[in-house]
Amino acid sequence: MAPTGVNQLSHPCIYERKSRFMKWLSKLFRNGPSRGNASGSNRHPQLIGDENMIWRAPPRSLDDRSRAQKEKEELDHAIALSLAEDLKRPSGRFLAEDLKRPSGRFLAEDLKRPSGYRWQAEKDEELARSLQDSSNPPSYPPYAPAPAPYYPYGQTQRICGGCKQEIRFGNYLGCMGTYFHPQCFCCRSCGRPIVENEFSLSGRDPYHKSCFKELAHPKCEVCHQFIPTNRAGLIEYRCHPFWSQKYCPSHEHDNTARCCSCERLESWDARYVSLGDGRSLCFECMESAIMDTGDCQPLYHAIRDYYEGMNMRLDQQIPMLLVERQALNEAIVGEKSGLHHMPETRGLCLSEEQTVTSILKRPKFGRHQLVGIKTQPQKLTRKCEVTAILVLYGLPRLLTGAILAHELMHGWLRLKGYRNLNPEVEEGICQVLSYMWLESEVMPGFKNMPSSSTSTSAASSSSSSSSSKKGGKSKVEHKLGEFFMHQIANDSSPAYGGGFRAANAAVNKYGLRCTLDHIRLTGNFPL
């Protein structure tokens, strides 16, 4: 007997399971859930026929069950119908009583059937639920923000440490607790991306290993190569105490040229000038070098004026000659008295009669050496306690002046009757006069000694005015003057270095005139 709520056509309802099930679901979601007939007490399941069905408008249900519960019951009922069709095949039977159970639920004995039926039921149920969920997508208000991107494993948003943008997709790398796009992880030095597996860190700055070596590993300023390590694996190099020139220890023994003035080693990309007597001169010292006796005369007279400004006039005209190294060494051999600064003596105050070869005309510069030098032998006769003052040629102006100031003090002591002085005392006070003259040239506005007489500042102003007439000193020459002062103050020899420091302390404390008077009386510095 057909149900009272459905008028079914007379042709039989024979369809495949999949077709009937899908058509039922499409009608269900198109027309909404079916309502049961409230007129009868016994409710029969609404069997699905073909497409030619006539549906009566369902009245409103009298029960107060929720719409969601009814939809769930109808979905379970549809699944049961689908299973009933499968069980009609030869593989098994399905009892009609099962259709009459509430909500199409199974009894415990149904679980004893082959597991394939249970699997098919679960599969159909998942299919039905997915179709129902797709027909009712979640709605968001038009003003609501889009859902936040999903980050697995509880990770938070990643910001690139290079471009400061969010890292969304693709590869990335992490370093020092920061994330980077591969193209944003760049070397601090060259600015190119770091793609190697190994790199160097300085603080929080990444570097290519080669770039970091260029920055941190010291290079030799002579051969311009990385300074090698020693047998202990340590970087060992030599460094000039004033110029801070770093170089390999091997260059001290491989005949690398050294400037005879500033003591810097010759770099492989800058050739020094050979003076022809075993000495070399760098180009910075060459700019102000004095090459012959005639060129040195103005400087010599300026230093004599400096002495007169300190009430230390030299009554005798002492000859001054510029000579080569060989001539100076021969004069040292002929000199019976006096202490000479070894290994290199650059000036000499003669007290014996000798014949000395001096530089008559300055040489010419050609192909990294001086050529065309003209010399002249000169007979020196003794007219006073001092025969002549000899100075090496080819030295910068400030160094030549410092040597002249030192040797003139030797002459002044001998002319004033300072006899048989201790070498530390005589060389020390001569170094003080040399240092004072350099100080007046390098720092013209600075008082030479705080305890000196007023004539000292007058001598300083006269010397600086004579220097300013020829034009101001360059930065290179100014730096050379500081170096020559550094040499005097840090000399390690007992007579020249130790004597200077003792004499300088006495002059700073008592003044130059009182120190000289004390030396005349006692032969020592005042304490």
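Positions are given from 1, in the same order as the sequence printed here.
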| query | Would K209 count as a cation-pi partner of F199, with NZ or CZ less than 6.0 Å from the six-membered ring centre and within 45° of the ring normal? | reply | no

| Does E198 CD have over 12 foreign heavy atoms under 6.0 Å away? | no

| Regarding D254 and T256, is there a side-chain donor-to-acceptor distance under 3.5 Å anywhere? | yes

| said: Determine whether I159 and Q165 satisfy the following criterion, side-chain contact (heavy atoms from CB on, under 4.5 Å), listing intermediate values before the conclusion. | reply: CA-CA 6 Å; I159 302 299; Q165 300 296 323; over 6 Å; no

| request: Over 60° means perpendicular and under 30° means parallel, so classify the ring planes of H217 and F226, tilted if in between. | output: perpendicular

| task | Evaluate the side-chain proximity of R192 to C186: yes if any heavy-atom separation is below 4.5 Å, no if none is. | result | no

| message | Do the side chains of E284 and K479 get close enough for a salt bridge, i.e. N-O under 4.0 angstrom? | response | no

| Derivation of the salt bridge (Lys or Arg N to Asp or Glu O under 4.0 Å) call for E266 and R258 | CA-CA 6 Å; E266 179 185 34; R258 186 186 294 271; over 6 Å; no

| query | Going from CD on Q316 to CG on L415, what distance comes out if it is rounded to the nearest 0.5 angstrom? | reply | 6.0 Å

| Between atom CE of M443 and atom NE2 of H478, what is the distance when rounded to the nearest 0.5 Å? | 7.0 Å

| said: Any heavy-atom pair between the side chains of K219 and Q225 that's under 4.5 Å? | reply: no

| query | For the ring pair Y435 and H406, is the centre-to-centre distance below 6.0 Å? | reply | no

| task | Measure the spacing between SG of C430 and CZ of F500 and express it to the nearest 0.5 Å. | result | 12.5 Å

| Residue pair L516 / W412, side-chain heavy-atom distance below 4.5 Å | yes

| query | Of L390, T387, L408, V386, which meets side chain to side chain contact (heavy atoms under 4.5 Å, CB included) against C349? | reply | V386

| To the nearest 0.5 Å, what is the distance between CD1 (I318) and NE2 (H410)? | 12.0 Å

| said: Measuring from atom CG of D205 to atom CZ of F212, what distance do you get when rounded to the nearest 0.5 angstrom? | reply: 10.0 Å

| request: To the nearest 0.5 angstrom, please state how far the OG1 atom of T515 sits from the NZ atom of K509. | output: 10.5 Å

| said: Within the structure provided, determine whether R238 and L265 are in side-chain contact (heavy-atom separation under 4.5 Å). | reply: no

| request: Would you mind checking if E221 and R264 are paired as a salt bridge, meaning a charged N to carboxylate O distance below 4.0 Å? | output: no

| Closest approach of L322 to D292 (non-hydrogen atoms, all atoms of both residues) | CD2-O, 3.4 Å

| Taking C-beta and beyond as the side chain, do I227 and Y247 meet within less than 4.5 Å on heavy atoms? | no

| field | Face-on cation placement of R313 at Y307 ring, 6.0 Å and 45° thresholds | value | no

